[in-house]
Colleague: 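Dumping the structure here so I can ask a few things about it.
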Amino acid sequence: MLKNQKGFLLISIIFIMLLMAVSIFSINYYSVTQIRMASNQIDSVQTGYDLNAIIEQSVWKLTDNLFWRTVVAGEDYTFNGTTYTRIARNANTAPFNYPSDFDDAVTIQVTPKGASQSLQRSFRYYAKKLVGIDIEIEDPRGMYKDSSGNLFIADAKRHKIYRVDVSGDITTFAGTGAAGNSGDGGLATLARLNEPRDVYKSSTGSVYIADAKNHKIRKVDASGNISTFAGTGTAGDSGDGGPATLARLNEPSSIAKGFNLYIADTKNHKIRMVDASGNISTVAGTGAAGYSGDNDPAINAQLNEPLGIYIGILYLYIADSKNHRIRAFKFVNSKIYTAAGTGVGGYSGDGGPAVDANLNEPSDIYFDSSEYLFIADTKNHAIRQVTNYNVISTVAGTGDAGDSGDGAPATLAKLNEPRGILKDASNDLYIADTRNHKIRRVDFGDISTFIGGIGDGDGGAALLARLDEPNGIFKDASENLYIADTMHHRIRMVDTSGNISTVAGTGEPGNVGNEGDLATAVELNEPRGIFKDSSGNLYIADTKNHKIRRVDTSGNIWTFAGTGVAGHAGNEGDLATAVELNEPRGIFKDASGNLYIADTKNHKIRRVDTSGNIWTVAGTGDAGNTGDGGAATSAKLNKPYGIFRDTSGIFYIADTNNHKIRMVDTSGNISTVVGTGSSGDTGDGNLATLATLKAPVDVFVDHNQNIFIVDLDSKRIRVVNAPTVNDPVRKIYTLVGTGASGDGTDLPAVDITLKDPGGITMASSSYGNKRIYISDSGNHKIKVLLLKTVYGL
């Protein structure tokens, strides 16, 4: 090999080696960089998780103590080996300085030490309705249940569409409640309807309404805005072949939607169809009332006030009301047939062919997934069923008008002109029991009232139940909520599934019943206070019977204190059952087994010891406002309503007519902790002893010694903080209510209105403030306060 060739080869080898070295270095550097980037990304994600975890832990601490705050500069907080700065302050204070109308909110900010970026979230209590129905139903007609479980109800006489969500909360979906024809282009809740008779929700989220007396079909889009889908608003029979909005309808009563939308154009005696292009045509009926045309083209047939329609697999079913028949329009050949009914009004035929049965003005139909046809046989006060073998039977109603049968087989119940029917995915059958002003539900053959009527709602969702001036409430260790449903003369319980039942009282005021009887078979008289002890015994202040009652764990009731006669007879240390009480209200049992009673009209606080003997712990028996600084038994109270004993043995008394919260210490001395004694609603943000209250009726002290006050006549819930290092004096604030009378929910707690609040409770253990329960007596409801994120993720 030539010398210059050897030199070239050597240079080439060296170049290749250098190139390989650079490549290896680059790959190694890239790999290290990638590893570092991945590590930084993992660290960043981990830091994000840690920040969120710290905020979540801080929220738990906030629910444990409503007044927990750090110093303004924050505190060091170590989590997963890293130190952070955590600040928890009212949102309107430094360093946050949110607007003053946000002053009830608390902001929690977490910053890694040495970092410039932080994570912060703000929280405030929101009020939500927990028990008690908002809306009465008057004239329920068509119903529709969507895939999310929301039930829509057309209430013709209230001129509204209601929606009942899966939790049982009922709200107005469309209509103001006043009859009219307005609102297109705006929110449906601000529009006026006129006797809406049916409602349907499409898969796109649009809701269609048969706005009968406006002679229109209205449409509510997914944003809640309403428009006219068909009809001009003037009664008539015109427009076929053109846009549906230019056509005239005459009291349309029902709608059904598949690819096209079908309308029962009742007073035109027709079925109309609106196609995908928005054009309208007639598919059944000549426009003249009558009966003809079976087995022939439906366009040549006569109908007589068709009311309900439903799309089946092969047919559109029609409740041909005044012909006492169910007709079937076959899609493939556009012919019409009779599916049920002879055409003669009557009630017969069960067990035989549906076409040989007599119906009486049927007004609605439903075709289920088993190909069974259900008929609202209105004037027969029954629900009929036609099997896929065309055999008819009755599944609800006796045939006689009435309102009875809840809790028993539906065939033994009485209905009154049912006009709407549907079956849901759980095979529950819903009936618009129109003249009974209720929706009934048939579940496994038994019938119950779902909404409406005069029933109390037992056995169903607490949100749909009726209360009547509820007062005392109590939450037990199993998370069941007990309610003194005062003017229903009952004690109700809401379980952890949200269902309500009666645990004591018949619903009739009185004192009938024997010792040891079932509590649900014994009369109470305006019960106002309740307490459940750790052994499961339930104590009731049976106010107008002047007794304290005890319901044992078997559900039997006994008199625990009081003779049943209003008065003050009896001596200290006597058996409690031999001593007279006078309208007792608040009750509380301590860990040692002593039961304390606010003996309201005797102006005393009494104690029943574990031997069943009664003693006075505060009050002389005379109304007055004296004694602070001395023995509580020498002090004068004035109609004390509520009492509470904290874990340290200190008593708190809602001294109602003295407009104060009094305190009895462990030495038996009394003092005032909240209120000046003058009636008023002042002092927020200042010393509690300088504030005015207005007839406080209940008091609750959490395990941090914060005092919660139900201030009846100021229509607020007030709260007094426990002394802390950062806030060493007791100050008073408003937790709930504006001071105006009303019925507010789903707003910040400070912005809602109450009406005669009567009681308060929460869990007595840690994290008790996560849910705070209030009996909004004048609104006949129980409301709950929940912490809600209002800023941040």
Side-chain angles (χ1 to χ4, degrees), residues 40-98 102-128 475 477-479 496 646-647 700-708 719 721-728 733 735-736 748-750 761-773 784-793:
N40 289 340
Q41 188 174 15
I42 290 169
D43 288 346
S44 176
V45 170
Q46 185 61 51
T47 299
Y49 282 132
D50 288 353
L51 289 171
N52 275 295
I54 295 168
I55 290 220
E56 291 300 326
Q57 288 189 3
S58 302
V59 175
W60 278 108
K61 189 165 183 178
L62 186 63
T63 61
D64 181 41
N65 186 357
L66 182 66
F67 285 97
W68 169 67
R69 306 290 186 271
T70 65
V71 295
V72 174
E75 63 182 10
D76 285 348
Y77 184 78
T78 301
F79 186 83
N80 279 345
T82 302
T83 301
Y84 300 83
T85 298
R86 176 173 65 177
I87 301 175
R89 301 295 298 172
N90 280 60
N92 69 330
T93 61
F96 308 113
N97 298 318
Y98 286 14
F102 209 64
D103 59 0
D104 62 303
V106 174
T107 294
I108 298 169
Q109 183 186 81
V110 183
T111 311
K113 276 289 189 181
S116 58
Q117 290 188 334
S118 60
L119 182 66
Q120 68 183 41
R121 284 165 64 187
S122 297
F123 305 86
R124 65 197 309 194
Y125 277 108
Y126 268 65
K128 184 176 178 62
K475 192 79 181 290
S478 300
E479 298 293 308
T496 54
D646 71 16
T647 54
F700 187 100
V701 182
D702 70 13
H703 73 117
N704 291 296
Q705 309 304 309
N706 299 307
I707 304 170
F708 295 79
V719 61
N721 68 286
T724 64
V725 173
N726 293 335
D727 201 352
Y733 306 88
L735 177 67
V736 187
V750 293
T761 192
M762 64 194 81
S764 57
S765 60
S766 296
Y767 310 124
N769 301 330
K770 187 180 180 185
R771 286 175 174 262
I772 300 174
Y773 301 88
V784 60
L785 307 186
L786 302 165
L787 273 181
K788 181 177 177 181
T789 302
V790 290
Y791 177 82
L793 300 175

Colleague: When you measure from the side chain of N704 to the backbone of D64, do you find a donor-acceptor pair of N or O atoms at a distance under 3.5 Å?
Modeller: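 At least one qualifying donor-acceptor pair exists.
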
Colleague: Quick one: closest heavy-atom pair of D646 and Q705, and the distance?
Modeller: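 Closest pair (atom of D646, atom of Q705, distance): OD2-OE1, 2.7 Å.
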
Colleague: Any side-chain heavy atom of T107 sitting closer than 4.5 Å to one from R89?
Modeller: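 T107 does not reach R89 side chain to side chain.
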
Colleague: With rounding to the nearest 0.5 Å, note down the distance linking OH in Y77 to CD in Q57.
Modeller: 3.5 Å

Colleague: Mind running side chain to side chain contact (heavy atoms under 4.5 Å, CB included) on Q109 and L51 for me, showing each step along the way?
Modeller: CA-CA 9 Å; Q109 183 186 81; L51 289 171; over 6 Å; no

Colleague: With under 30° as parallel and over 60° as perpendicular, where do the rings of F96 and Y98 fit, or are they tilted in between?
Modeller: perpendicular

Colleague: Enter the distance from F700:CZ to I707:CD1 here, rounded to the nearest 0.5 Å.
Modeller: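 The CD1 atom of I707 is 12.5 Å from CZ of F700, to the nearest 0.5 Å.
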
Colleague: Output, in order, the C-alpha distance, side-chain angles, deciding distance and verdict of side chain to side chain contact (heavy atoms under 4.5 Å, CB included) for L787 and K770.
Modeller: CA-CA 7 Å; L787 273 181; K770 187 180 180 185; over 6 Å; no

Colleague: Restricting to non-hydrogen atoms, name the atom on P723 and the atom on P728 that form the minimum distance, rounded to 0.1 Å.
Modeller: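 Heavy-atom minimum between the residues: CB-O, 3.4 Å.
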
Colleague: Is there side-chain contact between R86 and K61, with heavy atoms separated by less than 4.5 Å?
Modeller: yes

Colleague: Could you tell me which non-hydrogen atom of A722 sits nearest to which non-hydrogen atom of N706, and how far apart they are?
Modeller: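 Closest approach of A722 to N706, heavy atoms only: N-OD1, 2.8 Å.
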
Colleague: Would you say F102 and V790 make side-chain contact, with heavy atoms under 4.5 Å?
Modeller: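 When only atoms from C-beta onward are counted, V790 and F102 do touch, with a gap below 4.5 Å.
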
Colleague: So, taking the atom named OG in S122 and the one named CG in D104, what distance separates them when rounded to the nearest 0.5 Å?
Modeller: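 Going from the OG atom of S122 to the CG atom of D104 covers 10.5 Å.
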
Colleague: Between E56 and R121, is there a side-chain heavy-atom distance shorter than 4.5 Å?
Modeller: yes

Colleague: Would you tabulate the side-chain donor-acceptor contacts of residues 67-74 under 3.5 Å, counting partners in other chains and residues two or more places apart, or write 'none'?
Modeller:
from	atom 1	to	atom 2	distance (Å)
R69	NE	N90	OD1	2.7
R69	NH1	L66	O	3.0
R69	NH2	N90	OD1	3.1
T70	OG1	A88	N	3.0

Colleague: Is there side-chain contact between I55 and F123, with at least one heavy-atom pair below 4.5 Å?
Modeller: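 Yes, their side chains come closer than 4.5 Å.
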
Colleague: Checking side chain to side chain contact (heavy atoms under 4.5 Å, CB included) for the pair V750/R124: CA distance, chi angles, key distance, verdict?
Modeller: CA-CA 9 Å; V750 293; R124 65 197 309 194; 4.1 Å; yes

Colleague: The criterion is ring-ring contact (aromatic ring centres under 6.0 Å, His included); which residues satisfy it with Y125, sequence neighbours excluded?
Modeller: none

Colleague: Could you check if a side-chain atom of V719 sits within less than 4.5 angstrom of a side-chain atom of F708, using non-hydrogen atoms only?
Modeller: yes

Colleague: Could you check if a side-chain atom of T85 sits within less than 4.5 angstrom of a side-chain atom of D76, using non-hydrogen atoms only?
Modeller: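 Side-chain contact under 4.5 Å: yes.
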
Colleague: I'd like to know whether L735 forms a side chain to side chain contact (heavy atoms under 4.5 Å, CB included) with I772, so could you lay out the CA-CA distance, the side-chain angles of the two residues, the decisive distance to 0.1 Å, and finally the verdict.
Modeller: CA-CA 11 Å; L735 177 67; I772 300 174; 4.1 Å; yes

